[in-house]
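First up is the structure itself, then whatever we jot down about it.
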Amino acid sequence: MNARNKMQKIADSKQQTQQNRLVATRNLLAACFLLCLMFAQMTFGAQRASLTVDEPLHIISGYSYLKTGDARLVEEHPLFTKAIAASPLLLLPDLGDPRLAQGWKEGSLVTVTRDLLLPYPAPDHVAFAARVPVMWLGLLLAALVYRWASDLRGAGRKAGLLALLLCALDPNIVAHAQLATTDIGVTLFIFATFYTLWRWTCRQTRARLVTPGIMLGLALASKMSALLALPLIALIICITYARPQSDRWRGALKIASQAILSIVALFTIALLVVWATYGFELRWLPGISFPIPAASHLIPLKRLFEHQAAGHSTFIWNHNSQMGWWYYFPLAFMLKTPLPTLILLAVASVGLPISIAQAWRARPTSNNIAWVKQNIVLLIFPCVYFASALFSTVDIGYRHLLPILPFIFVFIAVQISYFIFYISYFTHHVSRITFYALLAWYITSTLLIFPHPLAYFNELAGGPANGYHFLVDSNLDWGQDMKELKAYLDQHGVKRIALSAMIFLEPSVYGLDYDSLPPARKAPDQFPSRFNPEPGVYVISATSLQGVATPDINTYAFFRTLTPTVRIGYSLFVYDIPETRHGQWVAQCTPPPALLEEQDIASGFGRDDLQRVYFDCSQ
């Protein structure tokens, strides 16, 4: 009988092992499918989109450093992610040597970029080649999201798949993972820093402390926003070492010394990594009498402070400003994050105190303490980072919130799986149906925006078609639709246009025949006849339409009253203006609006013979 029981246990064990392997295989196949789906979206988008405003500068900055070893074109962002993106360009033999370009001696990144890219016969080759490495960084980010959600206590691989689904189909992640910019790079390395730091908190060994140091160094070498992680990492290390001691003073001294040594070791590794990305540069800076390691890394820091002090021309919900608003990023987060994600985040946030209460119901065991610490590591950075965004004066896009998204995906996946485990049987089925409905909604809404993920706005904003009423710039209009504009003009036989678009390269690179309108570099200072434009086809980008960076916020007010003939990729508005209207009078109401000067009337209507009449605005 005992032998039979043993055989039965062995058989049951083998069957359970096979079932576990089958489940693991299914989860792995599902994860691979989601990663392939994400890669397919990014690949198609990278081929379709024209070079955005920031991409040429990032690409040439990284390329010039790889080509020459000289960091003079580092500008506002550090080099590492830019160098990764530019690495394939070293295989292009006809791109040119930046040392021979105009502006190299002066260290002018804008001039060097124009001199190298404008004459290049195939800008699409440069764009796609530089985007491929960033796409791989995006895939690594998604894979790491899956890994952390799967590793967390009480989660498992189902939570990993949910987190991966949220990441792989998030339109904001996909949109920027297909562009050669620094946003996905810093998002990946910050997330990797806290993931590897969490692994160290689980088992504090010297070897495990090396990896978060390396990841932190790469984050700092990618974008200056990673500086916010430094005090938070130090705090997490202190919390990790904190524990009750029998000898109060001696124990406190021991804990303090351990924490300080770990912090110093991690930060030293990070600084060495940053130094290595600059080729162990050692040089003087103006005003400093001794050489500094990685001195070029201080240039982006200086430019960042200057940019914050000067502000940036921006728009939000019918308002323009140079210094931004505290509510800019909260509103952007509410309007550009998919609504199912927001709902799941709200449920997860409500479920957090419930799950904490369940974990501590009996008594604070070591496992429960570890569970609380893992939530601290997971939540501390996104909470502090989002709070710091309220004080930013450079309000130019949701992309600045990307570093918090992977933490949110993991938090949602873990809390949802943990919360559902504790609810009643009936409620479980109701919650399950609701949960799958939210996922279906999420998948549908995010795939419908394809292939224009950059222009995604959720249902609160009325969808991407109404997004320009709330936000522009890199939220919607970053110069990505110039190739689609060219295809439309060719299809409809339009030979020449008047163009105001957010683009760095000359539109002629894409074969456009155009007249420049403000705020383009070669445009007139003021849009001529802006109150009564000449007949023709006008293409006005969403950013210009809302008065961002234009000579006057009402430069294109005439076009805001019209329905465009067509919209190209949600960001470009095409207007076919018929024969101009001929009048003899111009009426202005006053007060309180200030009266237009005579020269404004003459330039605005293209005539100086109009008679004036005034009336009371209140009537």
Side-chain angles (χ1 to χ4, degrees), residues 38 41-42 45 49 52-54 138 141 165-179 181 183-184 186-187 225 312 314-319 324-346 382 385-390 392 394-409 411-412 438 441-481 502 541-543 545-546 548 567 569-571:
M38 182 182 184
Q41 294 178 80
M42 293 187 298
T52 58
V53 174
D54 287 9
L141 173 64
L165 173 67
L166 294 175
C167 183
L169 294 182
D170 183 83
N172 300 292
I173 293 289
V174 172
H176 292 281
Q178 66 189 27
L179 301 177
T181 59
D183 299 298
I184 283 295
V186 72
T187 300
S225 55
H312 196 101
T314 189
F315 167 86
I316 186 172
W317 209 349
N318 297 326
H319 292 84
W325 306 265
W326 70 266
Y327 54 85
Y328 179 92
F329 285 108
L331 184 64
F333 186 76
M334 291 297 297
L335 297 182
K336 282 189 66 68
T337 303
L339 263 183
T341 303
L342 294 176
I343 294 172
L344 290 172
L345 178 60
Y385 185 92
F386 189 84
S388 70
L390 304 180
S392 174
V394 183
D395 296 343
I396 55 177
Y398 183 97
R399 61 193 175 91
H400 288 176
L401 293 179
L402 290 184
I404 73 173
L405 292 186
F407 295 93
I408 289 176
F409 300 147
F411 172 68
I412 288 174
L438 284 173
W441 178 11
Y442 180 77
I443 294 170
T444 302
S445 64
T446 54
L447 290 181
L448 284 177
I449 192 63
F450 182 80
H452 305 286
L454 189 69
Y456 178 83
F457 282 82
N458 64 29
E459 291 79 0
L460 293 177
N466 290 314
Y468 76 100
H469 290 298
F470 300 95
L471 300 164
V472 289
D473 208 289
S474 62
N475 297 294
L476 169 68
D477 169 29
W478 220 11
Q480 74 275 11
D481 292 318
M502 194 174 184
S541 77
T543 305
L545 192 69
Q546 301 294 15
V548 177
R567 289 176 60 175
Y570 302 106
S571 71

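As the structure is a computational prediction, the values presented were derived from the model and not from experiment. Values below: all heavy atoms of this structure, side chains included; hydrogens, waters and symmetry mates excluded.
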(request) Assess whether side-chain hydrogen bond (donor to acceptor under 3.5 Å, both in side chains) is satisfied between Asp477 and Ser541, documenting all intermediate values. (result) CA-CA 7 Å; Asp477 169 29; Ser541 77; 3.0 Å; yes
(request) Please test Val174 against Phe450 for side chain to side chain contact (heavy atoms under 4.5 Å, CB included), starting from the C-alpha separation and ending with a verdict. (result) CA-CA 10 Å; Val174 172; Phe450 182 80; over 6 Å; no
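- Judged purely by atom type and a 3.5 angstrom limit, Ser388 uses its side chain to pair as donor or acceptor with the backbone of Tyr385.
- To the nearest 0.5 Å, the span separating CD1 on Ile173 from OG1 on Thr187 amounts to 6.0 Å.
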(message) Let's go through Met38 and Leu141 carefully: what are the C-alpha distance in whole Å and the side-chain angles of both, what is the deciding distance for side chain to side chain contact (heavy atoms under 4.5 Å, CB included) to 0.1 Å, and is it a yes or a no?
(response) CA-CA 11 Å; Met38 182 182 184; Leu141 173 64; over 6 Å; no
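- Remark: Leu405 CG to Leu166 CG distance equals 10.5 Å, nearest 0.5 Å.
- Of the possible polar contacts, none joining the Lys336 side chain to the Leu331 backbone as a donor-acceptor pair under 3.5 Å is found.
- The two residues Gly467 and Leu476 have their closest heavy-atom pair at C-CD2, 4.3 Å.
- Residues Thr543 and Phe315 have side chains not in contact (no heavy-atom distance under 4.5 Å, counting atoms from C-beta outward).
- Side chains of Asp481 and Ser571: a donor on one and an acceptor on the other come within 3.5 Å.
- The two residues Ala177 and Gly138 come nearest to each other via the heavy atoms CB-CA, 4.2 Å.
- At distances below 3.5 Å, at least one donor-acceptor pair connects side-chain atoms of Ser474 with backbone N or O atoms of Ile396.
- Heavy-atom minimum distance, Asn466 versus Ala461: CB-O, 3.2 Å.
- Judged purely by atom type and a 3.5 angstrom limit, Tyr442 has no side-chain atom pairing as donor or acceptor with the backbone of Pro338.
- Smallest separation of non-hydrogen atoms from Ala455 and Pro464: O-CB, 3.2 Å.
- Without hydrogens or angle criteria, Asp473 side chain to Thr314 main chain gives no donor-acceptor distance under 3.5 Å.
- A heavy-atom distance below 4.5 Å is found between the side chains of Phe411 and Leu345.
- Of all heavy-atom pairs spanning Thr341 and Ile412, the tightest one is O-CD1, 3.7 Å.
- Phe457 places a side-chain heavy atom less than 4.5 Å from the side chain of Leu471.
- The CG atom of Leu335 sits 12.5 Å away from atom NE2 of His469, with the distance rounded to the nearest 0.5 Å.
- One N or O on the side chain of Gln546 and one on the backbone of Tyr468 form a donor-acceptor pair closer than 3.5 Å.
- Tyr328 places none of its side-chain heavy atoms less than 4.5 Å from the side chain of His400.
- The shortest side-chain heavy-atom distance between Ser445 and Asn458 does not fall under the 4.5 Å cut-off.
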(message) Please determine whether side chain to side chain contact (heavy atoms under 4.5 Å, CB included) holds for the pair Gln41 and Leu447, giving the CA-CA distance in whole Å, both sets of side-chain angles, and the decisive distance to 0.1 Å.
(response) CA-CA 9 Å; Gln41 294 178 80; Leu447 290 181; 4.2 Å; yes
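- The line from CG of Asp395 to CG of Asn475 is 10.0 Å long, rounded to the nearest 0.5 Å.
- Here CG of Asp54 is found 7.5 Å from OG1 of Thr181. Values are rounded to the nearest 0.5 Å.
- Side chain of Thr446 to main chain of Ile443: a donor-acceptor pair is present (N/O by atom type, distance under 3.5 Å, no hydrogens or angles).
- In this structure, the side chains of Trp478 and His176 come closer than 4.5 Å at one or more pairs of heavy atoms.
- In this pair, Phe333 and Tyr398 present their aromatic rings parallel. The plane angle is below 30°, not in the 30 to 60° band.
- Nearest approach of Ala542 to Val472, heavy atoms of both residues: O-CG1, 3.6 Å.
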(request) With side chain to side chain contact (heavy atoms under 4.5 Å, CB included) as the test, would you mind laying out the steps for Leu339 and Leu460 before giving the verdict? (result) CA-CA 8 Å; Leu339 263 183; Leu460 293 177; 3.8 Å; yes
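- Rounding to the nearest 0.5 angstrom, the gap separating the CD1 atom in Ile449 from the OH atom in Tyr570 is 4.5 Å.
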